[in-house]
Amino acid sequence: MEAAEAKIAEWRAYVANAPGVNGRDVDELEDHLRQQIAELKTAGLTDDEGFLIAVKRLGDVDTLSREYAREHSGRLWKQLLRSGDDEPARVSTRWVEALLFALGAAIAVQVARLAAGSPDSGPPDWPTWLARNATLFVLPFLAAYFARGRQLDIRHWLVAAAPFALAAIVVNVYPWNADSDTEVLVSLYLPIALWFAVSYPYMGGTIRSPERRMDFVRFTGEWFIYYVLIALGGGVLMALIAGIFEPTGVNVDRIAQWVLPSGAAGAVVVVAWLVESKQRVVENMAPVLSMLFTPLFAVMLAVAAVVYAATGLGGAFDRDLVSVLDALLVVVLGLVLYGMSAREPSTSPNWMDGIQLVAVVSALVLDLMVLGTMIGRIGDLGFTANRTAALGLNLVLLANLAGAAWLAVRFIRRRTTFSRLERWQTNYLPVFALWAATVVVVIPPLFGFD
């Protein structure tokens, strides 16, 4: 299976660099390829044999596959691409799988809610218990949806499940103190850590592929957009239901207790299916959002950096402002990454690259100011769980922004390629995942679960 995944990743990387092919096209081609391989495995062929014949069946993916075969002349399947007609495409049943996994997440959330009782009748730690475990009721179903779709074997299923099992042990076995700051940190960082865990089944177990990592970045951005749109639609629907049924005396709040948690949980998987099935609800959203919001964020960050530096306010940020700035830095980094995922690597530097550089440099300056404030506060008051987590996050962001700024300057000056900048970001993603996992697993016992 690993050999087949490596070949698929290599084939995908080649196809992705072909002119006129974007990430959406590559996703669709890979989906067809995997469907063909799965059918051939059912017929008794090995992974390697299935891969060879599946590439042939793609026919005129045609010319792209033939060119790839010619470049890799040592491959047997070069011979298989010389002729052959396309076979009728099998109707996808992925929506059925998505619906079943979404239903599983919705049921899990309701079972947990009923088992925990309510804030009034449940145990004293009901709200914090639910906050700690909420991610574990949803993201495992999303991971399983991808593992099923990528046809992972048992070993890969176990590897995909391991982070969720470890997280379940940590959040439920650790002896949390009342009003614990570390418990709040875990509730904030656990969704981030487990979202990175979802990337493993999403990428079919090929976590070392930079192309697949960038695919996951693009998927994350598109997933967020779809989810927000669905959430807004769901909010409008609930408001209309409340308005219509209020005169009848129906307890709308009780309906919301069932509909909202289940809908929010199930939508996590349904949105993933929408993104993967190429429903053109928000077609080409990545370049549109990048072109619209990157200049706005760049101007805001540049003005903020100049004002704080000129007035000296950058050395005295309060706790709330530090939190806001950290959130802003993360959003800017996400926006830059999302814009990179939609960019054609072979194109020359343009004005948007310059604007992104302004945004990155301004974010870097603000991050340095925040770090100065935090180091001064730690020197006066000492380390706490919150300060340690925030310090680590800002150091991780600092290294990422510094590397991105340096490579962006070199790219604009045509001293390096865009692929080098892109690879820096995709190679850095595990650092964010590692820090999120550290906050969840290491910091609570380090500070006595306070």
Side-chain angles (χ1 to χ4, degrees), residues 135 139 142-143 146 159-160 162-164 166-167 170-171 182 184-203 205-224 227 286 297 301 322-341 356 359-360 363-364 366-368 370-371 374 385-408 420-444 446:
T135 310
L139 290 189
L142 179 61
F146 287 132
V159 172
F164 299 98
L166 177 61
V170 166
V171 301
T182 56
V184 175
L185 283 174
V186 166
S187 300
L188 293 174
Y189 277 83
L190 183 61
I192 299 172
L194 292 185
W195 186 260
F196 280 105
V198 169
S199 69
Y200 179 80
Y202 175 86
M203 295 187 291
T206 56
I207 58 176
R208 296 182 179 179
S209 169
E211 293 81 14
R212 295 297 281 157
R213 288 181 186 176
M214 188 53 74
D215 284 345
F216 186 70
V217 169
R218 179 168 47 251
F219 164 80
T220 299
E222 293 177 357
W223 180 92
F224 178 78
Y227 194 89
F297 274 92
L301 287 170
V322 166
S323 299
V324 171
L325 288 175
D326 282 345
L328 177 61
L329 294 177
V330 171
V331 169
V332 170
L333 177 61
L335 185 62
V336 170
L337 272 171
Y338 189 42
M340 289 175 61
S341 72
Q356 285 190 342
V360 170
L364 182 61
L366 286 173
D367 194 20
L368 286 170
V370 170
L371 277 170
M374 293 178 60
N386 285 330
R387 293 187 193 120
T388 302
L391 178 64
L393 174 61
N394 280 275
L395 288 174
V396 169
L397 286 171
L398 179 68
N400 178 274
L401 292 170
W406 169 250
L407 291 171
R420 180 68 185 88
L421 175 59
E422 186 178 62
R423 192 173 293 269
W424 161 257
Q425 294 289 13
T426 56
N427 288 341
Y428 202 87
L429 290 176
V431 178
F432 289 106
L434 181 61
W435 178 245
T438 300
V439 173
V440 172
V441 177
V442 177
I443 286 184
L446 189 63

Check D367 against L398 and note the closest heavy-atom contact, atom names and distance. OD2-N, 3.0 Å
Parallel, tilted or perpendicular: ring planes of F432 versus Y428, cut at 30 and 60 degrees: perpendicular
Check V360 against A404 and note the closest heavy-atom contact, atom names and distance. CG1-CB, 4.3 Å
Check L194, V198, I192 against F196 for a side-chain contact (heavy atoms from CB on, under 4.5 Å) and give me the one that passes. I192
Considering non-hydrogen atoms only, spot the tightest contact between A437 and A193 and give its length. N-CB, 4.1 Å
Would you compute the distance between atom OG1 of T135 and atom CH2 of W195 and round it to the nearest 0.5 angstrom? 11.0 Å
Rounded to the nearest 0.5 Å, how far apart are CE of M340 and CG of L335? 12.0 Å
Identify the heavy atoms of Y189 and A436 that sit nearest to each other, and give their distance. CD2-CA, 3.9 Å
In short, L337 meets M214 closest at the heavy-atom pair O-SD, 4.3 Å
CG on L328 to CG on L366, rounded to 0.5 Å: 7.5 Å
Does any non-hydrogen side-chain atom of V370 lie less than 4.5 Å from one of D326? yes
May I ask you to test the V331-F297 pair for a side-chain heavy-atom distance under 4.5 Å? yes
Nearest 0.5 Å please: distance from the CE atom of M203 over to the CZ atom of R213. 6.5 Å
Do N394 and L329 pass the side-chain contact (heavy atoms from CB on, under 4.5 Å) test, and can you show the C-alpha distance, the side-chain angles, and the key distance before you say yes or no? CA-CA 9 Å; N394 280 275; L329 294 177; 4.2 Å; yes
Can you name the closest pair of heavy atoms from L364 and A402 and give their distance? CD1-N, 3.9 Å
Sub-6.0 Å ring centroid separation between F146 and F219: yes
Assess whether side-chain contact (heavy atoms from CB on, under 4.5 Å) is satisfied between T426 and R212, documenting all intermediate values. CA-CA 9 Å; T426 56; R212 295 297 281 157; over 6 Å; no
CG of N386 to OG1 of T182: how many Å apart, nearest 0.5 Å? 9.0 Å
Going from CG on L325 to CG on L301, what distance comes out if it is rounded to the nearest 0.5 angstrom? 9.0 Å
Does a side-chain heavy-atom distance below 4.5 Å link L429 with V217? yes
